[in-house]
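Every chain is numbered from 1, with letters handed out A, B, ... down the list of sequences.
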Number of protein chains: 2
Amino acid sequence: MKETFGEYVKRLRTENNLTLTQLAAQLDMDSANLSKIENGKRDFDEKRLIKLADFFSLNIDILKTEFFSDLIAKKIYQTNYCHETLMLAEEKIKYLQQKQIKQGTLNL
Amino acid sequence: MKETFGEYVKRLRTENNLTLTQLAAQLDMDSANLSKIENGKRDFDEKRLIKLADFFSLNIDILKTEFFSDLIAKKIYQTNYCHETLMLAEEKIKYLQQKQIKQGTLNL
DNA sequence: GTATATTTGTCAAAATATGACAAGAAAAAT
DNA sequence: ATTTTTCTTGTCATATTTTGACAAATATAC
């Protein structure tokens, strides 16, 4: 079963025998805040995904999938019946893509 | 093919022959901002979902599904490959639910 | 025990969202 | 065709949320 994004970062860090301070330095952030991220008390800032991918030589698209799926999971969990919402979201994404093709751009 | 949440609201409004001003009054908001919502230039505020459901006698859960799927669609669209992210999100929701069962509560 | 690592709490500053209003554009009514 | 109504867009002050930073408490290792 899947882990959260925070747990994923923690695993990357510990598997590479790094301290919070060491990884935080690489990501240009406070180690205390990184700890909160690993423990699900704060969100990882999207703009640092590239640094994370670079440092651990991860595929950025896979990392983004990890990241965004986590945001979505947190948002839906508790609020809403999951499967139906996600199915509908998928339809809507397709709709937005269609709309973009027709209109050129799309401001959301 | 699915519509956006804004288009959905607009459809509800026009099918019921209401002006923006009339619906905005029911939702306790500015009609100019409601217009932006219908046209995808602002987000509908979650806290007004209940008023919307009440006024149009909609099932709140179905409405929430419409609402949250829209948020997700907007977030993923452009950024990420859709299907894979949503599949992973579903797994993560299950994981969070499992985690909650074990821990009692979960702060995210 | 001391040192190192991690977690938690707090708070000011930055970023984002919201409410409000004015003015322009489009549609409808007369 | 001009007046009235409706809709759209722009702007901005305020409210809310997120972030960065640091201090202090706790836990782990040596």
Closest to the R42(B) side chain, choosing from dC22(D), dT19(D), dC12(D): dC12(D)
E38(A) versus L20(A), closest heavy-atom pair with distance: OE1-CD2, 3.6 Å
Does CD belonging to Q22(A) count more than 12 external heavy atoms closer than 6.0 Å? yes
Interatomic distance, K10(B) NZ vs dC7(D) P [rounded to whole Å]: 8 Å
When rounded to whole Å, the CZ to C1' distance for the pair R48(A) and dT19(D) reads 8 Å
Verify the contact: side-chain N or O of K41(A) to OP1 or OP2 of dT19(D), cut-off strictly under 4.0 Å; return yes or no. no
Are side-chain heavy atoms of K92(B) and L88(B) found at a separation under 4.5 Å? yes
Could you tell me which non-hydrogen atom of K64(A) sits nearest to which non-hydrogen atom of L49(A), and how far apart they are? CG-CD1, 4.0 Å
L20(B) CG to dT5(D) P: how many Å, rounded? 16 Å
Of the listed dT8(D), dA21(D), dC7(D), the closest approach to the R13(B) side chain comes from dC7(D)
Taking CD from E46(B) and C1' from dT16(D), how many angstroms apart are they, rounded to a whole number? 14 Å
For K47(B) and dT17(D), what is the distance between atoms NZ and C1' respectively, to the nearest whole Å? 13 Å
Got a donor-acceptor contact below 3.5 angstrom from the R42(B) side chain to the K36(B) backbone? no
Atom NZ of K36(A) and atom P of dT26(D): how far apart are they, to the nearest Å? 16 Å
First and last nt of DNA chain C near chain A, cut-off under 4.0 Å to heavy atoms, 5' to 3', are dA5(C) to dT10(C)
When we call it a touch if two heavy atoms are under 4.0 Å apart, what does T19(A) touch: a base, just sugar-phosphate, or nothing? sugar-phosphate
note: N39(A), atom CG; dT26(D), atom P; distance rounded to Å ~ 17 Å
Identified ring-ring contact (aromatic ring centres under 6.0 Å, His included) counterpart of F44(A) within the set F68(A), Y8(A), F5(A): F5(A)
Please determine whether the number of non-hydrogen atoms from other residues, nucleotides or ligands lying under 6.0 Å from atom CD1 of I60(A) exceeds 12. yes
How long is the line joining CG of L23(B) and C1' of dT6(D), in whole Å? 14 Å
